Undergrad: 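Quick one: the structure is below, and I'll ask about it shortly.
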Amino acid sequence: MLADLVAGALEDAAERQTATGLAEVEAAALAAAPALDALSFLAPAEQIKVIAEVKRASPSRGSLATIQDPADLAARYAAGGASAISVLTEQRKFLGSLADLEAVRAAVSVPVLRKDFIATEYQVLEARAAGADLVLLIVAALDQPTLVRLHEFIRSLGMTPLVETHDAVEVSRAVDLGAELLGVNARNLSTFELDQDLFGRLADRIPAGTIKVAESAVKNAADVAHYRAAGADVVLVGEALVTGENPVATLKEFLSV
């Protein structure tokens with residue numbers, strides 16, 4: 001499944017590049033307002049921090065929410081206390097777009113994450129041109145030389161890489177990379193099964209000083225507390241927010257942990 005998602009994202013990026021060439025996107029990226037310092041927004045604090053996600057659908061759950069106005073949802077997240085906003089830009093399975101990211105960037109003053117299957121410099125430049133402050137890098141999707149190259153390229157543009165892992169080997173690769181923002185995703189991207197205890201088993205392998213992000217398997221405040229007790233500084237939450245009746249109230253419950 002992960003290989004298919006990456007292949008589809010690369011096909012879509014190649015189609016966009018045919019319409020808007022590398023030089024044009026690079027110029028737009030370099031002309032964009034400087035990226036926000038996401039590490040300062042997500043730095044460890046007495047209370048856990050939340051990256052709240054704008055997410056219409058997923059491969060495992062199908063359609064989740066219509067979200068006709070992603071900017072409005074993001075603005076409500078930010079007003080409710082989210083430290084950053086994640087925007088799905090993958091269009092095939094998650095029904096997102098770079099236009100969603102641009103709209104969200106214009107609506108909030110907190111960092112914005114481009115969450116997609118990133119494997120090329122062109123995609124990174126697109127993220128910066130659209131106003132992203134953070135870019136997701138999935139260790140399982142990239143060989144180490146590509147991971148290192150993209151990590152440094154993201155940083156060279158002033159953005160922060162969120163390096164996502166799924167097992168001990170991937171955590172070691174992220175640590176070797178010098179990742180300052182390291183995520184552990186409870187969702188197996190091959191089977192889409194969830195393991196909420198994965199973060200706790202891997203947290204001790206993450207060096208002190210690295211911001212630790214728990215991703216997936218958050219349905220309620222008890223789940224947030226579970227991750228917090230295991231050492232998470234930040235949780236990334238999507239489905240629980242977009243499928244609930246009141247996303248801001250849910251967000252505030254999570255932030256009370």
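In this text the structure is predicted, and so the values were computed from the model without any measurement. Just the heavy atoms: all of them, side chains too, but no hydrogens, waters or symmetry mates, feed the values below.
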Undergrad: Can you name the side chain to side chain donor-acceptor pair (under 3.5 Å) partners of Arg201, sequence neighbours left out?
TA: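 Result, side chain to side chain donor-acceptor pair (under 3.5 Å) vs Arg201: Asp195.
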Undergrad: Show the atom names and distances, to 0.1 Å, of all donor-acceptor pairs under 3.5 Å that link a side chain in residues 28-46 to residues at least two apart or in another chain.
TA:
{"from": "Asp37", "atom 1": "OD1", "to": "Leu39", "atom 2": "N", "distance (Å)": "3.3"}
{"from": "Ser40", "atom 1": "OG", "to": "Asp37", "atom 2": "O", "distance (Å)": "2.7"}

Undergrad: Distance from Gln68 atom CD to Leu73 atom CG, nearest 0.5 Å?
TA: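 Those atoms lie 12.0 Å apart.
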Undergrad: Show the numbers, then the answer: is there a side-chain contact (heavy atoms from CB on, under 4.5 Å) between Leu182 and Val175?
TA: CA-CA 8 Å; Leu182 197 158; Val175 170; 4.2 Å; yes
Undergrad: Find out if a path of hydrophobic residues (ILVMFWY) with successive side-chain heavy-atom gaps under 4.5 Å connects Val110 to Val50.
TA: yes
Undergrad: With sequence neighbours excluded, what pairs up with Glu126 under the salt bridge (Lys or Arg N to Asp or Glu O under 4.0 Å) test?
TA: Arg16, Arg114
Undergrad: Please give me the minimum heavy-atom distance between His151 and Gly178, naming the atom from each residue.
TA: CE1-O, 4.3 Å
Undergrad: Minimum heavy-atom separation for Ser83 and Pro111, please, with both atom names.
TA: O-CD, 3.4 Å
Undergrad: Is a side-chain N or O of Gln47 found less than 3.5 angstrom from the main chain of Leu255, in a donor-acceptor match?
TA: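 Checked: pair present.
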Undergrad: How about Val184 and Lys212: do any of their side-chain heavy atoms sit closer than 4.5 Å?
TA: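 They are not in side-chain contact.
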Undergrad: Let me see the working for Glu53 and Ser86 under side-chain hydrogen bond (donor to acceptor under 3.5 Å, both in side chains), right down to the final yes or no.
TA: CA-CA 4 Å; Glu53 194 156 80; Ser86 171; 2.6 Å; yes
Undergrad: Less than 4.5 Å apart, side chain to side chain, heavy atoms only: is that true for Val224 and Ile48?
TA: yes
Undergrad: For Arg187, give me all partners under salt bridge (Lys or Arg N to Asp or Glu O under 4.0 Å), at least two apart in sequence or on another chain.
TA: Glu239
Undergrad: Is it the case that the side chains of Asn185 and Glu164 hold a donor-acceptor pair, with the cut-off being a distance below 3.5 Å and no angle test?
TA: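 Yes, Asn185 and Glu164 have a side-chain donor paired with an acceptor closer than 3.5 Å.
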Undergrad: Could you state the interatomic distance from CE (Met159) to CZ (Phe153), rounded to the nearest 0.5 Å?
TA: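 Going from CE on Met159 over to CZ on Phe153, the span is 7.5 Å.
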Undergrad: State, with a plain yes or no, whether a side-chain heavy atom of Val235 is found less than 4.5 Å away from one of Phe254.
TA: no
Undergrad: Using every non-hydrogen atom in the two residues, find where Pro247 and Gly244 come nearest and quote the distance to one decimal.
TA: CD-O, 4.3 Å
Undergrad: Are Val148 and Ile118 co-members of a hydrophobic cluster defined by side-chain heavy atoms under 4.5 Å apart?
TA: yes
Undergrad: I need the minimum non-hydrogen distance between Thr250 and Ala240, along with the two atoms involved.
TA: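 Shortest heavy-atom contact: CG2-O, 4.1 Å.
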Undergrad: Could you go through Phe94 and Lys115, starting from their C-alpha distance and side-chain angles, then the distance that decides it, and tell me whether this counts as side-chain contact (heavy atoms from CB on, under 4.5 Å)?
TA: CA-CA 10 Å; Phe94 293 90; Lys115 196 174 184 193; over 6 Å; no
Undergrad: First locate atom CG of Leu177, then atom CG of Leu137, and finally report the distance between them rounded to the nearest 0.5 Å.
TA: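 So the gap between those two atoms works out to 8.0 Å.
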Undergrad: Running the 4.5 Å side-chain criterion over Ile, Leu, Val, Met, Phe, Trp and Tyr, what cluster does Val169 land in, apart from itself?
TA: none
Undergrad: Determine yes or no for a side-chain-to-main-chain donor-acceptor pair under 3.5 angstrom, with Arg105 supplying the side chain and Val108 the backbone.
TA: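 Yes, because the side chain of Arg105 sits within donor-acceptor range (under 3.5 Å) of the backbone of Val108.
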Undergrad: Which one of Ile211, Leu181, Ile206 satisfies the side-chain contact (heavy atoms from CB on, under 4.5 Å) criterion with Asp233?
TA: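 When side-chain contact (heavy atoms from CB on, under 4.5 Å) is applied between Asp233 and each of Ile211, Leu181, Ile206, only Ile211 qualifies.
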Undergrad: Name all residues meeting the side chain to side chain contact (heavy atoms under 4.5 Å, CB included) criterion together with Arg149; count only those two or more places apart in sequence or in a different chain, and write none if there are none.
TA: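 Testing Arg149 for side chain to side chain contact (heavy atoms under 4.5 Å, CB included), a comparison that skips the adjacent residues, returns Glu121, Thr146.
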Undergrad: Kindly compute the distance separating CG (Leu98) from CD (Gln91), expressed to the nearest 0.5 Å.
TA: 9.0 Å
Undergrad: Are the side chains of Leu236 and Leu162 in contact, using a 4.5 Å heavy-atom criterion?
TA: yes
Undergrad: For Ile67 and Asp69, run side-chain contact (heavy atoms from CB on, under 4.5 Å): C-alpha distance rounded to whole Å, both residues' side-chain angles, the deciding distance at 0.1 Å, then the answer.
TA: CA-CA 5 Å; Ile67 312 182; Asp69 190 344; over 6 Å; no
Undergrad: Give the minimum heavy-atom separation between Leu136 and Leu113, together with the two atoms involved.
TA: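 Smallest heavy-atom distance, with atoms named: N-CD1, 3.6 Å.
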Undergrad: Looking at residues at least two apart in the chain, or sitting in another chain, which of them share a salt bridge (Lys or Arg N to Asp or Glu O under 4.0 Å) with Arg76?
TA: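 Scan of Arg76 (salt bridge (Lys or Arg N to Asp or Glu O under 4.0 Å), adjacent residues dropped) gives Asp72.
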Undergrad: Consider only side-chain heavy atoms of I, L, V, M, F, W and Y, link residues closer than 4.5 Å, and tell whether Leu202 and Tyr227 are in one cluster.
TA: yes
Undergrad: Would you mind reporting whether Asp223 and Gln196 have side-chain heavy atoms less than 4.5 Å apart?
TA: yes
Undergrad: To the nearest 0.5 Å, what is the distance between CD1 on Ile154 and CG on Leu125?
TA: 10.5 Å
Undergrad: Report yes if some heavy atom in the side chain of Pro70 is under 4.5 Å from a heavy atom in the side chain of Val54; otherwise report no.
TA: yes
Undergrad: With sequence neighbours left out, what residues match Ala99 under side chain to side chain contact (heavy atoms under 4.5 Å, CB included)?
TA: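 With neighbours one apart ignored, the set is Ser97.
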Undergrad: Hey, any chance Val248 and Leu64 share a hydrophobic cluster, counting ILVMFWY side chains that come within less than 4.5 Å of each other, even indirectly?
TA: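 No, separate clusters.
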Undergrad: I'd like to check the side chain to side chain contact (heavy atoms under 4.5 Å, CB included) partners of Ala9; sequence neighbours left out, ordered by chain and number.
TA: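 For Ala9, the residues satisfying side chain to side chain contact (heavy atoms under 4.5 Å, CB included) (neighbours in sequence not counted) are Asp116, Phe117, Gln123.
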Undergrad: Are Val124 and Thr120 close enough that some pair of their side-chain heavy atoms sits under 4.5 Å apart?
TA: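 Contact flag for Val124/Thr120 side chains = no.
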Undergrad: If you compare all heavy atoms of Val6 against all heavy atoms of Ala119, which two are closest, and at what distance to 0.1 Å?
TA: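 Scanning both residues, the minimum pair turns out to be CG1-CB, 4.5 Å.
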Undergrad: Which salt bridge (Lys or Arg N to Asp or Glu O under 4.0 Å) pairs, counting each pair once, include a residue from residues 84-103, with sequence neighbours left out?
TA: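 Non-adjacent pairs meeting salt bridge (Lys or Arg N to Asp or Glu O under 4.0 Å): Glu11-Arg92, Asp12-Arg92, Arg56-Asp100.
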Undergrad: Report yes if some heavy atom in the side chain of Leu157 is under 4.5 Å from a heavy atom in the side chain of Arg128; otherwise report no.
TA: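 Answer yes - side chains close enough.
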Undergrad: Should side-chain heavy atoms under 4.5 Å link Ile, Leu, Val, Met, Phe, Trp and Tyr, which residues sit in the same cluster as Leu194?
TA: none
Undergrad: Would you please name every residue forming a side chain to side chain contact (heavy atoms under 4.5 Å, CB included) with Ala82, sequence neighbours left out?
TA: Ala52, Tyr77, Ile85, Leu251
Undergrad: Would you say the side-chain atoms of Thr89 pair up with the backbone N or O of Leu101, donor to acceptor, closer than 3.5 Å?
TA: no
Undergrad: Please determine whether residues Leu10 and Tyr122 belong to a single hydrophobic cluster, defined as Ile, Leu, Val, Met, Phe, Trp and Tyr linked transitively by side-chain heavy-atom distances below 4.5 Å.
TA: no
Undergrad: Indicate yes or no for a side-chain donor-acceptor contact from Glu170 to the backbone of His166 under 3.5 Å, with no hydrogens or angles considered.
TA: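 Yes: the side chain of Glu170 pairs with the backbone of His166.
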Undergrad: With side-chain contact (heavy atoms from CB on, under 4.5 Å) as the criterion, how do Leu241 and Lys55 come out once you've worked through the C-alpha distance, each side chain's angles and the decisive distance to 0.1 Å?
TA: CA-CA 9 Å; Leu241 297 178; Lys55 182 177 185 179; over 6 Å; no
